[in-house]
2 protein chains.
Amino acid sequence: MNISDVAKRTGLPPKTIRYYEDIGLIRPARDTNGYRRFQETDAHKLAFLGRARALGFSIEDCRTLLALYEDETRASADVKRVAQDHLKQIEDKLAQLESMRDTLTHLVHECAGDSRPDCPILKDLARE
Amino acid sequence: MNISDVAKRTGLPPKTIRYYEDIGLIRPARDTNGYRRFQETDAHKLAFLGRARALGFSIEDCRTLLALYEDETRASADVKRVAQDHLKQIEDKLAQLESMRDTLTHLVHECAGDSRPDCPILKDLARE
DNA sequence: CCTTGACCTTCCCGTGACTGGAACCTCTAT
DNA sequence: ATAGAGGTTCCAGTCACGGGAAGGTCAAGG
């Protein structure tokens with residue numbers, strides 16, 4: 001498979017796939033013409049990475065998860081810890097965004113949104 | 001006021017304040033020795049920026065909001081539009097993070113987290 | 001007067017995870 | 001022979017700063 005084939009199969013852009021090789025997440029073989037030649041295992045790894053990224057794991061987490069995946073002697077506790085730490089980060093981020101959303105929803109609701117200059121949003125930001 | 005004074009008052013790091021000058025959000029005066037000399041209006045603008053950033057507005061949004069704040073002839077509708085667009089972005093991001101959280105919560109719950117290699121988290125990522 | 005230490009300045013590099021674009025090579029079909 | 005679709009590498013830019021180097025300035029103490 002060439003890069004565009006595996007890109008279609010995994011949903012990852014070719015640029016991203018090249019980047020993942022650059023940082024050592026995958027090591028596709030090369031044809032004599034220099035083209036990357038992807039095996040099934042490469043496609044599988046890329047799909048794995050795509051799903052891990054879709055769950056918001058960082059590249060470094062992905063590297064760890066991939067290594068654990070390939071390690072038959074792993075402890076599931078190690079996987080769980082990575083996932084739990086990441087979940088914690090997401091929950092923190094959620095709390096922060098919810099707080100922003102609540103404040104903004106309130107402010108937007110207060111603002112007339114007409115042609116007059118008087119605006120509670122700006123008043124709040126300026127703490128007038 | 002020197003930069004560290006206004007940093008204390010606004011809660012923004014000196015680095016951030018210099019950066020805001022760099023990109024033209026503020027224009028503090030200079031003393032003969034080259035030090036920035038902050039007026040009340042500068043401190044006020046920086047506090048405004050700090051609060052807008054805390055609500056998650058991008059720097060470009062902050063630039064727009066600051067310009068609207070200083071424009072006595074603004075229409076509150078223009079402010080409201082910026083805030084509503086931003087609110088929409090936050091709500092989209094929240095939905096995305098909530099989806100990640102739900103999936104991760106489920107997976108973490110399924111995983112024994114012991115010394116055995118069997119792991120539903122990896123199974124899910126690999127779509128085995 | 002000299003030194004010390006805190007403060008200030010500019011400048012450059014690094015962050016995360018790519019994306020866009022340039023310049024160039026290779027394959028396939030006409 | 002050529003056109004077009006693919007592939008390659010490399011460089012720069014994104015966003016909003018933060019770290020750190022190299023050097024100038026200021027106030028206090030000896």
Side-chain angles (χ1 to χ4, degrees), chain A residues 1-39 42-43 45-46 48-66 82 85-86 89-90 93 96-97 100, chain B residues 1-38 42-43 45-46 48-66 85-86 89-90 93 96-97 100:
Chain A
M1 276 185 294
N2 278 346
I3 198 165
S4 66
D5 304 314
V6 77
K8 264 165 222 148
R9 273 186 44 173
T10 59
L12 296 172
K15 279 273 189 184
T16 299
I17 297 173
R18 293 195 191 97
Y19 172 66
Y20 287 175
E21 182 187 10
D22 252 22
I23 62 174
L25 285 178
I26 53 168
R27 293 181 187 282
R30 295 284 178 146
D31 275 338
T32 49
N33 59 12
Y35 287 19
R36 289 169 184 81
R37 193 181 61 241
F38 294 87
Q39 319 277 28
D42 296 315
K45 275 193 199 181
L46 285 169
F48 182 102
L49 289 168
R51 283 187 287 264
R53 291 287 300 129
L55 285 179
F57 285 104
S58 71
I59 290 287
E60 282 320 301
D61 279 349
C62 288
R63 194 188 300 278
T64 304
L65 290 171
L66 205 50
V82 173
D85 288 355
H86 177 48
Q89 306 266 331
I90 286 182
K93 188 74 185 170
Q96 190 192 353
L97 285 176
M100 288 179 185
Chain B
M1 275 186 293
N2 278 346
I3 199 166
S4 67
D5 304 313
V6 79
K8 264 164 222 149
R9 274 188 42 175
T10 60
L12 297 172
K15 278 275 190 183
T16 300
I17 297 172
R18 292 193 192 99
Y19 173 66
Y20 287 175
E21 183 187 7
D22 253 22
I23 62 174
L25 286 178
I26 53 168
R27 292 182 187 283
R30 294 284 178 146
D31 275 339
T32 50
N33 59 13
Y35 287 20
R36 291 169 183 82
R37 193 181 61 242
F38 294 87
D42 296 316
K45 275 192 198 180
L46 286 169
F48 181 103
L49 290 169
R51 283 187 287 265
R53 291 288 298 130
L55 284 179
F57 285 105
S58 71
I59 289 287
E60 284 318 302
D61 279 349
C62 288
R63 194 188 300 278
T64 304
L65 290 171
L66 205 49
D85 289 355
H86 177 47
Q89 306 266 333
I90 284 181
K93 188 72 185 172
Q96 191 191 353
L97 285 176
M100 289 178 186

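Side chains are part of it too, since the values below use all heavy atoms of this structure and drop only hydrogens, waters and symmetry mates. We name chains A, B, ... by the order of the sequence lines, and we start the count at 1 in each one.
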Rounded to whole Å, how long is the line connecting atom [atom1] of [X] with atom [atom2] of [N]?
X       : N      : atom1 : atom2 : value
A/Asp31 : D/dT8  : CG    : C1'   : 13 Å
A/Asp22 : D/dC11 : CG    : P     : 12 Å
B/Arg18 : D/dG20 : CZ    : P     : 15 Å
A/Ile26 : C/dA17 : CD1   : P     : 16 Å
A/Lys15 : D/dG6  : NZ    : P     : 16 Å
B/Ile17 : D/dG18 : CD1   : C1'   : 14 Å
A/Asp5  : C/dC27 : CG    : C1'   : 14 Å
B/Glu21 : C/dC11 : CD    : C1'   : 15 Å

Return the nearest nucleotide to the side chain of [X]; candidates are [options].
X       : options               : result
B/Ile59 : C/dG21, D/dT9, D/dA16 : D/dA16
B/Arg53 : C/dC18, D/dC17, D/dT8 : D/dC17
A/Ser4  : C/dT10, D/dG7, D/dC17 : D/dG7
B/Pro13 : D/dG18, C/dT9, C/dC18 : D/dG18

Closer than 4.0 Å, any side-chain N/O of [X] to the OP1 or OP2 of [N]?
X       : N      : value
A/Thr16 : C/dA17 : no
B/Arg36 : C/dC7  : no
A/Arg63 : C/dG16 : no

ask   = Is B/Arg36 salt-bridged to B/Glu21, going by a charged N under 4.0 Å from an acidic O?
value = yes

key: Short N-O contact, B/Glu60 and B/Arg63, less than 4.0 angstrom   = yes

task = Specify the residue among A/Asn33 and B/Tyr20 whose closest nucleotide of DNA chain D lies further upstream toward the 5′ end.
result = A/Asn33

task = Identify, between B/Thr32 and A/Gly34, the residue whose nearest nucleotide on DNA chain D lies closer to the 5' end.
result = A/Gly34

Report which part of the nucleic acid [X] touches: base, sugar-phosphate, or nothing (heavy-atom distance under 4.0 Å, all strands).
X       : value
A/Ile3  : sugar-phosphate
B/Pro14 : nothing
A/Arg37 : nothing

query = Looking only at heavy atoms, what is the nearest atom pair of B/Met1 and B/Ala43, with distance?
reply = CE-CB, 3.9 Å

query = Looking at B/Arg53 and B/Tyr20, what are the two nearest heavy atoms and their distance?
reply = CG-OH, 3.5 Å

request  = For the pair A/Gln96 and A/Met100, evaluate side-chain contact (heavy atoms from CB on, under 4.5 Å) and give the outcome as yes or no after the intermediate values.
outcome  = CA-CA 6 Å; A/Gln96 190 192 353; A/Met100 288 179 185; 3.8 Å; yes

request  = To the nearest 0.5 Å, tell me how far A/Asn2 CG sits from A/Lys8 NZ.
outcome  = 10.0 Å

key: Donor-acceptor pair under 3.5 Å, A/Tyr35 side chain vs D/dG6 base   = yes

